Participant: 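Below you'll find the structure I mean.
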Amino acid sequence: MVRYDPVTIEAKWQTRWEKDRLYEARDFDARRKYYFLTMYPYPSGDLHIGHWYAMAPSDAAARLWRMRGYNVLFPIGFDAFGLPAENAAIQHGIHPYQWTMENIARMRRQLRSMGAMWEWSREVVTCDPEYYVWNQWFFLKMYERGLAYRALAPVDWCPKDHTTLAREQVVGDERVCERCGTPVIKKNLEQWFLKITAYADELLDFSGIEWPERVRTLQTNWIGRSVGVEFELTVQDHPGVSFRVFTTRPDTVYGMTFAVLAPEHPLVDRLTAPERRAEVEAYKFKAARQSDIERLSTEKERDGVAIGAFAINPMNGDRVPIFVADYVLLTYGTGAIQGVPAHDARDFDFARKYRLPITVVVAPPGWDGRPLPEAYLEEGIMANSGPFTGLPSREGWERIADDLQRRGVGQRKANYRLHDWLISRQRYWGTPIPMIFCPRCGTVPVPESDLPVRLPEDAEFLPTGESPLKLHERFRRTRCPQCGGEAERETDTMDTFIDSSWYQYRYVSPRDAQRPFDPQAGRYWLPVDQYTGGVEHAVMHLLYTRFWTKVMRDMGLVSFSEPMLRLFNQGVILGEDGEKMSKSRGNVVNPDEYVNSVGADTVRAYLMFIGPWEGGGPWNSRGIEGVHRFLQRVWNVVHETNGNPHARSAGSGRSAGTGERGNADPQPASRGGSRSRDNRELAHWTHKTIKKVTDDLEGFHFNTAIAALMEYVNYLTRVKSAQAGSRAWQEARRSLILLLAPMTPHIAEELWESMGEPYSVHHQQWPSYDATLARAELATLVLQVDGKVRDRVQVPAGLTDADAKSLALSNEKVRKFMDGRQVADVVVVPGRLVNVVTK
RNA sequence: GCCGGGGUGGCGGAACUGGCAGACGCAAUGGACUCAAAAUCCAUUGGGCUGCAAGGCCCGUGUGGGUUCGACUCCCACCCCCGGCACCA
């Protein structure tokens, strides 16, 4: 028998498939389309086992759709802009372009070893001007629509990477850079923003897409919509001066006993009384310093300083003191609040500390009028609230909001935690922002006809922390497109999340030089049907690309509002020690080593078998051997019966699927009326396995699909000698190979060929099953007495409830355990269980 | 603190819509083959008790309660773990 030699057969088939363009997706095919996309990799240099974990199961799922007769688009590319390339340039003197392209070349080779059905002809590399020109084009379109703007704002700056970061790229309590872990600092800089907040409400709507609850919640929390009322407070003895506060609790306005401004609030200086000035200044200084120093002391006591001015409560005319306190943030709402200690925990602490009155305006149930031990945050009955007293607070909320609105003092408003997307990066290796600063005309966009603004190739990479573009005179100095005078280019480049916001559209027509993508091809392929990738992108990439799609819709480029209909997040593969893989831990698994020993099919199948795909989990070098043994058994069970004279399939052709659909054989072996019991059992195994594997792959339950195939192969091995040569056996072997084809494509192709079946197994129809055969002929009926299992009997599958009942009642063991007691009830679960309940 | 997810053998994990808990794999133990080893194959493998044996009995899905003929699954309370957000007014 031929030995299973994965390394040789895998190389052989990969070459052949590529030569034959086996997996090419055809634009405008008559078949239904299916666009299956996996997040493209960053070309870091080596293909990591994590890439395999993300991609191999995706490939299997995409292959399933193909075998089921869909025209599948399964593209790949590289997220090729980004900091590591530039850092390599600074450290090793290699140009980012060269570094990136060499990495891509190496990763292409490694990716090919996976045997996936990617279409390399559609490959997209984002650092190619052919690609990033459209980033610039989109930017200009957004600028035209008022969605791109430049503003001076306090922004997050990473001192190690020497660049600004989007709010989303600053992580954790310690506020560190998402990329390098360095604590960020605040800087006041003029930067470009994209107005994602204009779409905040729409981004909260996930109807029409099947995305994991987890991601939807993450995005919803990130957007952080809260609904309330913004109203005006006038300041006593400062005619014409007022400030606005935002509250989600207009029902508590009567309970305001103080007001707070953020330390950076513009009115602070103006309103501070002369005798308070020194103290207020000191507080402001302290607050400013604190935002720069680590804010690690989490349970910091709330403090503040009275500024010596008083605000007037618009509901009852009361005069309340104004404070500055750093628990109020300038960046949220209006940077000022009403202090309602009875109904807000923070205000409560603050009022306690400074001995401010605590007025209850929403009475807790059964409140006896005594002071509250802590802030009461729930609903209740309004108290001390003028004409609103006695109303349920829920109603008071609306009535006071109405009242403020009618009097022109305030209006209902939604506030968002989401900020506009800061896209300026002070680095070289990204898309140049196509803008020009002219001393006469101001900020002028680069005309579309002048695109792309190319990165100069001869930039110098010095460890100064200054952008090479800023130091590159020939790039920086230009002519103003409006007046023709001397002007300067914007030297900042775009956040690389711009690239990934629309790359799925580029795959549709990657070489189109006229527009970002061909709208006709787009109408056929778009949107993405299934997207897969890690959950770490939940509030960055996945939010940005939804935003981008909505902008494209408003531009008339697409007719839908959501870029990806279904999303699946796979888990993270860990080192053998259960820890995150890292070079310093020395627990990194190199996929190439395994590919070169046990083969890509084994690595693929093992990654799918390890557990639920969404769960990730530790790598286990013994576990992979078990999967390899399984493939070896598959090989043996097929090969050992290859020589049998009856083993050749009678009718086989392009459409020779095993099931009903497109079946060339009008009377498959499994439907014959005169089959033996053994044949019936074999056919039952075949069909129930087809059903199980089909259902599991559909739901991305690769682990249980493989477990079912293992059971099937164990069974086939047991009955091999008795069954070899029968038609049911032949059907079984064919089905086995077809079911394996998406997960382990090489061994499937090799075995398919060895059986004398026509090339290629990957052009075959996915087997369908016969529901009758999939059901078992015999069922094990569990007999219980009072809920305890007392016997198990084999019964025919279609046994009636009445028969099951009498069978149970006459069963010897059942009678024994009834112990002479009366029957109170008999519960029958058809085909499964009978429970005799005694009195 | 809030939001989301999760706790099942020595390990990774199965279990339809409330109906045989532990599929499949790893590890382990015993055996076959071998001069020997590796590989392979066969058997056993949740815990406890009991029987010469075939077998029998009890306990068991984080904890405590509840609903039900019957609960890993549903309800209530709690503990622990993972992820996210966090002075957001």
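From a predicted model like this one, the values you see are computed outputs, not experimental measurements. We name chains A, B, ... by the order of the sequence lines, and we start the count at 1 in each one.
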Participant: If each of A/Ile706 and A/Thr331 is mapped to the nucleotide of RNA chain B with the nearest heavy atom, which maps nearer the 5' terminus, i.e. the 5' end?
Facilitator: A/Ile706

Participant: What about the rings of A/Phe258 and A/Tyr354, do their centers lie closer together than 6.0 Å?
Facilitator: no

Participant: Please determine, by modelled atom types, if A/Asp420 and A/Thr197 share a side-chain donor-acceptor pair under 3.5 angstrom.
Facilitator: yes

Participant: Nearest to the side chain of A/Met710, which nucleotide is it out of B/C85, B/C69, B/C24?
Facilitator: B/C24

Participant: For atom P, what is the distance between B/U73 and B/U40, given to the nearest Å?
Facilitator: 40 Å

Participant: Nearest to the side chain of A/Thr217, heavy atoms from C-beta on, is which of B/A89, B/G70, B/G4?
Facilitator: B/G4

Participant: If only side-chain N and O atoms of A/Arg633 are considered, is one of them under 4.0 Å from the OP1 or OP2 phosphate oxygen of B/G25?
Facilitator: yes

Participant: Rounded to whole angstroms, how far apart are CH2 on A/Trp685 and C1' on B/C24?
Facilitator: 11 Å

Participant: Taking the P atom of each, how far is B/A38 from B/G60, in whole Å?
Facilitator: 42 Å

Participant: Return the nucleotide paired to B/C41: Watson-Crick means purine N1 to pyrimidine N3 with N6-O4 or O6-N4, wobble means G-U with N1-O2 and O6-N3, both under 3.5 Å.
Facilitator: B/G31

Participant: Could you tell me the separation between the CZ atom of A/Arg629 and the C1' atom of B/A38, rounded to a whole number of Å?
Facilitator: 13 Å

Participant: Give the rounded distance in Å between these two atoms: CD1 of A/Ile610 and C1' of B/G12.
Facilitator: 7 Å

Participant: Could you work out the separation of B/C76 and B/A27 based on their P atoms and round it to a whole Å?
Facilitator: 43 Å

Participant: Taking the P atom in each of B/C11 and B/U63, what is the distance between them to the nearest angstrom?
Facilitator: 15 Å

Participant: In whole angstrom, give the distance that lies between atom CE of A/Met608 and atom P of B/G12.
Facilitator: 22 Å

Participant: Taking a pair as Watson-Crick or G-U wobble with both distances under 3.5 Å, which nucleotide is matched to B/C74?
Facilitator: B/G66

Participant: Can you confirm if the aromatic rings of A/Phe609 and A/Phe702 lie within a centre distance of less than 6.0 Å?
Facilitator: no

Participant: What nucleotide among B/A27, B/A89, B/G19 has an atom nearest to a side-chain atom of A/Val827?
Facilitator: B/G19

Participant: Under 4.0 Å between a Lys/Arg side-chain N and an Asp/Glu carboxylate O for A/Lys286 and A/Asp303?
Facilitator: yes

Participant: So which nucleotide from B/G84, B/C20, B/G13 ends up closest to the side chain of A/Val789?
Facilitator: B/C20

Participant: Looking only at the side chain of A/Phe817 (C-beta and beyond, no hydrogens), which of the listed nucleotides B/G4, B/G56, B/C26 gets closest?
Facilitator: B/G56

Participant: Go ahead and name the base partner of B/G83; Watson-Crick or wobble counts if both distances stay under 3.5 Å, otherwise write none.
Facilitator: B/C3

Participant: Could you tell me how far B/A15 sits from B/G25 if I compare only their P atoms? Round to whole Å.
Facilitator: 16 Å

Participant: Heavy atoms from C-beta onward define the side chain here; which of B/C26, B/G83, B/A89 lies closest to that of A/Arg622?
Facilitator: B/C26

Participant: Strictly under 6.0 Å, is that where the ring centroids of A/Tyr416 and A/Trp222 end up?
Facilitator: no

Participant: Below the 4.0 Å mark, does B/C57 have OP1 or OP2 next to a side-chain nitrogen or oxygen of A/Arg790?
Facilitator: yes

Participant: Are any of A/Asn703's side-chain N or O atoms less than 4.0 Å away from OP1 or OP2 of B/A14?
Facilitator: yes

Participant: Taking the C1' atom in each of B/G13 and B/U61, what is the distance between them to the nearest angstrom?
Facilitator: 13 Å

Participant: Identify which nucleotide among B/A89, B/G13, B/G19 has an atom closest to any side-chain atom of A/Thr248, counting heavy atoms from C-beta outward.
Facilitator: B/A89

Participant: Going by an N to O cut-off under 4.0 Å, is there a salt bridge joining A/Lys353 and A/Asp349?
Facilitator: no

Participant: Are A/Glu213 and A/Arg216 close enough for a salt bridge, meaning some N to O gap below 4.0 Å?
Facilitator: yes

Participant: Name the closest nucleotide to the A/Val837 side chain, picking from B/C20, B/C69, B/A14.
Facilitator: B/C69

Participant: So which nucleotide does B/G18 pair with, by the Watson-Crick or G-U wobble rule with both distances under 3.5 Å?
Facilitator: none

Participant: If you measure from the C1' atom in B/G83 to the same atom in B/C74, how many Å do you get, rounded?
Facilitator: 27 Å

Participant: Rounding to an integer number of Å, can you tell me how far A/Arg792 CZ sits from B/A21 C1'?
Facilitator: 11 Å

Participant: Taking the side chain of A/Arg167 as its heavy atoms from C-beta onward, which of B/A14, B/A89, B/A86 lies nearest to it?
Facilitator: B/A86

Participant: Roughly, in whole Å, what's the span from NZ in A/Lys691 to P in B/C16?
Facilitator: 13 Å

Participant: Should B/U61 form a Watson-Crick or G-U wobble pair with both distances under 3.5 Å, which nucleotide is its partner?
Facilitator: none

Participant: Would B/G83 be called syn or anti, given that syn covers angles within 90° of 0?
Facilitator: anti

Participant: So, OP1 or OP2 of B/A86: does either fall under 4.0 Å of a side-chain N or O from A/Arg417?
Facilitator: yes

Participant: Can you tell which of B/C85, B/G5, B/C24 lies closest to the side chain of A/Glu213?
Facilitator: B/G5

Participant: Strictly below 4.0 Å, N to O, side chains only: are A/Lys788 and A/Asp786 in salt-bridge contact?
Facilitator: no

Participant: Check if the side chain of A/Arg832 and the base of B/C16 share a donor-acceptor pair of N or O atoms closer than 3.5 Å.
Facilitator: yes

Participant: Return the value, rounded to whole Å, for the distance between atom CD1 of A/Ile624 and atom C1' of B/G13.
Facilitator: 17 Å

Participant: When the distance from CD of A/Glu625 to C1' of B/G12 is rounded to whole Å, what number comes out?
Facilitator: 15 Å

Participant: Are OP1 or OP2 of B/U68 and a side-chain N or O of A/Asn835 less than 4.0 angstrom apart?
Facilitator: no

Participant: Between B/G64 and B/C80, how far is it from one C1' atom to the other, in whole Å?
Facilitator: 15 Å

